[in-house]
Amino acid sequence: MKHQKTIDKIRSGKYTRSELIKLRGNAESLQKKGDHDAAAVIAEIDVATPTDKTIVFMGFCPGANFDNRLDIEWKEQGICTFIFLRSEQQLDRFNDIWPGDLIVLKKRHQFGRTMLLYGYGRATGIKYDQDNNRYLEMDWSAQDQIIEVPLMGCNSTVDVRTIEQVEAEMPVEFFSWLNQPAQA
């Protein structure tokens with residue numbers, strides 16, 4: 001295969017998130033020009049784990065209405081979706097989530113102060129539905145304890161925070177809830 005070196009480098013985990021995004025764009029261009037082998041590069045990117053370290057805090061209640069909660073369905077189906085397609089900024093954030101990224105389900109609790117966390121999981125793959133909307137395959141944790149933590153400015157549906165930001169803002173209880181030690 002003519003793209004084997006690129007595929008091997010993707011598998012090695014040496015690409016950053018931004019490099020994978022650029023590489024995917026290049027592979028899609030090649031595919032449109034008739035390079036059928038570029039599909040293998042795209043498929044490898046869709047399961048790659050980037051070197052960037054972030055946590056995605058993801059809202060799950062369309063219209064901020066708890067009666068519309070999607071987290072139960074997501075956990076049952078092993079997926080995570082984003083349906084607020086009018087928000088280009090949030091759609092871009094969602095489209096920047098890659099396999100290996102940690103997603104924490106959150107709902108704003110005390111306005112401007114706290115949020116409740118309802119679960120977490122890791123993205124394991126990227127898929128597209130019949131309308132070509134991107135969604136994530138997920139490995140959701142069985143964690144069912146709900147905890148209250150600082151809001152950290154997470155007011156959008158899709159909020160990406162660096163590990164450094166999370167370490168600075170979150171209490172020790174957050175990392176216990178994740179069943180992992182704080183990296184500080």
Side-chain angles (χ1 to χ4, degrees), residues 13 16-18 20-21 45-84 87 89-129 133-184:
T16 65
R17 180 185 319 278
S18 59
L20 286 171
I21 291 167
I45 290 168
D46 285 348
V47 296
T49 301
T51 57
D52 298 342
K53 302 294 183 206
T54 60
I55 295 179
V56 179
F57 291 89
M58 184 81 183
F60 56 89
C61 298
N65 183 341
F66 200 69
D67 292 335
N68 296 334
R69 69 186 291 186
L70 298 171
D71 62 318
I72 296 168
E73 175 185 329
W74 290 350
K75 289 176 183 179
E76 287 173 355
Q77 295 180 18
I79 63 169
C80 181
T81 62
F82 181 73
I83 59 174
F84 188 48
S87 175
Q89 183 181 37
Q90 290 189 69
L91 184 58
D92 287 345
R93 286 184 211 150
F94 184 77
N95 288 338
D96 281 347
I97 300 171
W98 289 88
D101 284 351
L102 178 63
I103 297 177
V104 174
L105 299 173
K106 56 99 177 177
K107 173 83 173 96
R108 186 171 45 209
H109 184 58
Q110 293 179 358
F111 190 80
R113 300 193 63 220
T114 66
M115 59 185 168
L116 296 176
L117 304 182
Y118 285 80
Y120 63 89
R122 293 217 176 259
T124 59
I126 299 167
K127 296 287 184 179
Y128 294 85
D129 66 16
N133 293 317
R134 184 180 192 263
Y135 68 95
L136 304 170
E137 291 182 316
M138 295 293 301
D139 180 14
W140 291 111
S141 167
Q143 170 67 271
D144 62 358
Q145 178 188 9
I146 299 168
I147 65 168
E148 185 174 3
V149 297
L151 185 60
M152 286 183 39
C154 292
N155 290 308
S156 300
T157 301
V158 185
D159 290 293
V160 181
R161 297 292 180 258
T162 66
I163 292 297
E164 293 80 14
Q165 290 170 313
V166 174
E167 290 277 347
E169 298 274 339
M170 285 295 178
V172 173
E173 293 79 18
F174 170 75
F175 297 98
S176 296
W177 179 80
L178 281 176
N179 295 317
Q180 66 184 38
Q183 297 176 357

Just to verify, what does Gln145 make a side chain to side chain contact (heavy atoms under 4.5 Å, CB included) with, not counting sequence neighbours?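 Result, side chain to side chain contact (heavy atoms under 4.5 Å, CB included) vs Gln145: Gln143, Ile147, Trp177.
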Has the side chain of [X] got a donor or acceptor atom that lies under 3.5 Å from a matching backbone atom of [Y]?
X	Y	value
Glu73	Leu70	no
Lys106	Cys154	yes
Glu137	Thr124	no
Asn68	Pro62	yes
Gln90	Thr157	yes

Taking side chain as C-beta onward, heavy atoms only, is [X] less than 4.5 Å from [Y]?
X	Y	result
Asn95	Phe82	no
Ile103	Leu136	yes
Val149	Phe57	no
Lys75	Leu105	yes

For residues [X] and [Y], report the shortest heavy-atom separation together with the two atoms involved.
X	Y	result
Trp98	Asp96	CD1-O, 2.9 Å
Lys107	Ala64	NZ-O, 3.2 Å
Val160	Gln165	O-OE1, 4.4 Å
Phe94	Arg134	O-NH1, 2.8 Å

Determine the interplanar angle of the Trp74 and Trp140 rings, folded into 0 to 90°, and report it as parallel if under 30°, tilted if 30 to 60°, perpendicular if over 60°.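 Aromatic pair Trp74/Trp140 classed parallel.
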So Arg122 and Asp101, side-chain contact (heavy atoms from CB on, under 4.5 Å) or not? Walk me through it. CA-CA 6 Å; Arg122 293 217 176 259; Asp101 284 351; 5.9 Å; no
Name every donor-acceptor pair, under 3.5 Å, that has one atom in a side chain of residues 111-120 and the other anywhere in the protein, sequence neighbours excluded.
from	atom 1	to	atom 2	distance (Å)
Arg113	NH1	Gln110	OE1	3.2
Thr114	OG1	Gln110	N	3.2
Thr114	OG1	Glu148	OE2	2.8
Tyr120	OH	Ser141	OG	3.3
Tyr120	OH	Leu178	O	3.2
Tyr120	OH	Asn179	ND2	3.3

Got a sec, which residues hit salt bridge (Lys or Arg N to Asp or Glu O under 4.0 Å) with Arg69, two or more places apart in sequence or on another chain?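 So Arg69 forms a salt bridge (Lys or Arg N to Asp or Glu O under 4.0 Å) with Asp71.
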Using side-chain contact (heavy atoms from CB on, under 4.5 Å), reason through Arg93 and Ser156 one step at a time and then give a plain yes or no. CA-CA 10 Å; Arg93 286 184 211 150; Ser156 300; 3.4 Å; yes
